[in-house]
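Below: the structure, in structure tokens.
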Amino acid sequence: MTTVSPFARSNAFDEIVPAREQTIEEMYSVPESFLEIEVRNPQTHGFGRKMYTDYEVVCKTNIPAFKLRHSLVRRRYSDFEAFRDILEHESTRVNIPPLPGKVFTNRFSDEVIETRREGLERFLCVVAGHPLLQTGSKVLCAFLQDPAWDKSQWV
């Protein structure tokens, strides 16, 4: 007697539901719900010890919890830190991923800024992609879409 693994590939589904080609409309129509986030266009401001870099955060979505379908805001790394802390307190059931680490040397070099930009984009995509946060977090929508976002409103 041969045992079949419960994970073995089966053709049973193919026999029940015959394969059908997708239509052009299905291939190119807007998905039922989508959320695209991009962190781009880093800009460094100030001089000496007052220097900082901020990033443009672009959000495109059709998820009803978000007030705007397309938004563009600028955020500093310290804004991301405050946002993450607020999110951790607001959403105790969700494990919030870490931000890219602090950099203490050459923090304004193109390479460091680009590495941080990539890390911030990854962080936002993971956080915003979480179904509980998409629908249940007030701070998420505000951080992504409100140009006047201020951490003091959330503490």
Side-chain angles (χ1 to χ4, degrees), residues 5 7-9 19 21-155:
S5 166
F7 303 105
R9 186 171 172 92
E21 291 287 320
Q22 273 189 318
T23 66
I24 295 292
E25 290 79 21
E26 290 170 333
M27 281 189 243
Y28 294 102
S29 66
V30 176
E32 278 186 41
S33 63
F34 72 92
L35 176 62
E36 296 174 11
I37 295 174
E38 184 182 5
V39 177
R40 65 183 189 192
N41 192 17
Q43 293 179 354
T44 301
H45 308 273
F47 297 98
R49 296 177 54 77
K50 303 248 186 227
M51 283 180 73
Y52 67 93
T53 302
D54 64 11
Y55 304 83
E56 204 172 69
V57 178
V58 180
C59 177
K60 297 176 186 174
T61 185
N62 64 358
I63 296 172
F66 290 83
K67 292 179 181 168
L68 304 171
R69 298 292 162 241
H70 183 274
S71 62
L72 188 146
V73 295
R74 294 203 71 84
R75 299 285 183 251
R76 299 172 62 161
Y77 184 81
S78 59
D79 294 330
F80 280 87
E81 288 179 311
F83 167 63
R84 187 185 182 285
D85 290 344
I86 295 163
L87 207 54
E88 266 192 330
H89 288 93
E90 179 189 77
S91 312
T92 54
R93 299 182 325 189
V94 179
N95 188 13
I96 308 300
L99 287 167
K102 279 242 183 221
V103 177
F104 297 102
T105 57
N106 296 333
R107 64 185 183 143
F108 297 108
S109 73
D110 291 345
E111 184 180 327
V112 168
I113 289 172
E114 177 57 19
T115 301
R116 177 171 276 181
R117 184 206 64 74
E118 290 170 357
L120 294 173
E121 183 172 277
R122 253 190 325 277
F123 168 78
L124 280 183
C125 288
V126 169
V127 166
H130 195 288
L132 288 177
L133 297 177
Q134 275 182 8
T135 56
S137 173
K138 291 177 178 35
V139 71
L140 173 65
C141 297
F143 184 79
L144 291 175
Q145 297 193 315
D146 184 358
W149 185 84
D150 180 14
K151 62 185 167 206
S152 64
Q153 297 171 330
W154 300 93
V155 205

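Of the inter-residue distances, the one linking Lys60 atom NZ with Glu38 atom CD reads 7.0 Å to the nearest 0.5 angstrom. Atom-to-atom distance recorded for Ile37:CD1 and Leu120:CG is 12.0 Å, nearest 0.5 angstrom. Note that SG of Cys125 and CD of Glu36 are 9.5 Å apart. Values are rounded to the nearest 0.5 Å. Expressed to the nearest 0.5 Å, how far CD1 of Ile96 lies from CZ of Phe83 amounts to 7.5 Å. Of the inter-residue distances, the one linking Leu124 atom CG with Leu99 atom CG reads 8.5 Å to the nearest 0.5 angstrom.
His89 places none of its side-chain heavy atoms less than 4.5 Å from the side chain of Trp154. When side chains are defined from C-beta on, Ser91 counts as touching Leu133, because their heavy atoms get closer than 4.5 Å. Counting heavy atoms from C-beta on, the side chains of His70 and Val58 come closer than 4.5 Å. Using a 4.5 Å heavy-atom threshold, the side chains of Thr115 and Pro100 count as separate. By the 4.5 Å heavy-atom criterion applied to side chains, Leu144 and Val57 are counted as neighbours.
Annotation: cation-pi geometry not satisfied between Arg84 and Phe123 (NZ/CZ under 6.0 angstrom from ring centroid, within 45° of ring axis).
Using a distance-only test at 3.5 Å, with no hydrogens or angles considered, no donor-acceptor pair links the side chain of Tyr55 to the main chain of Arg116. No donor-acceptor pair under 3.5 Å is formed between the side chain of His130 and the backbone N or O of Val126. Gln145 contributes no side-chain N or O that, together with a main-chain N or O of Phe66, makes up a donor-acceptor pair within less than 3.5 Å. Although no hydrogens or angles enter the test, the distance criterion places no donor-acceptor pair under 3.5 Å between the side chain of Thr61 and the main chain of Arg69.
Here Asp150 pairs with Ser152 under the side chain to side chain donor-acceptor pair (under 3.5 Å) rule; sequence neighbours left out. The ring-ring contact (aromatic ring centres under 6.0 Å, His included) search around Phe80 returns Phe143, not counting sequence neighbours.
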Could you go through residues 40-48 and list every donor-acceptor pair under 3.5 Å that involves a side-chain atom there, pairing it with any protein atom two or more places apart or in another chain?
from, atom 1, to, atom 2, distance (Å)
Arg40, NE, Glu56, OE1, 2.6
Arg40, NH2, Glu56, OE1, 3.3
Thr44, OG1, Thr53, OG1, 2.9
His45, NE2, Asp54, OD1, 3.1
His45, NE2, Asp54, OD2, 3.3

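In terms of heavy-atom proximity, Asp146 sits nearest to Ala148 at OD1-N, 2.9 Å. Residues Cys141 and Ala65 share a closest heavy-atom pair of SG-O, 3.5 Å. Among all heavy-atom pairs drawn from Arg93 and Leu132, the shortest one is NH2-CD2, 3.5 Å. Residues Ala82 and Lys151 share a closest heavy-atom pair of CB-CD, 3.5 Å. The minimum heavy-atom distance between Phe34 and Ile63, with the atom names listed, is O-CG1, 3.8 Å.
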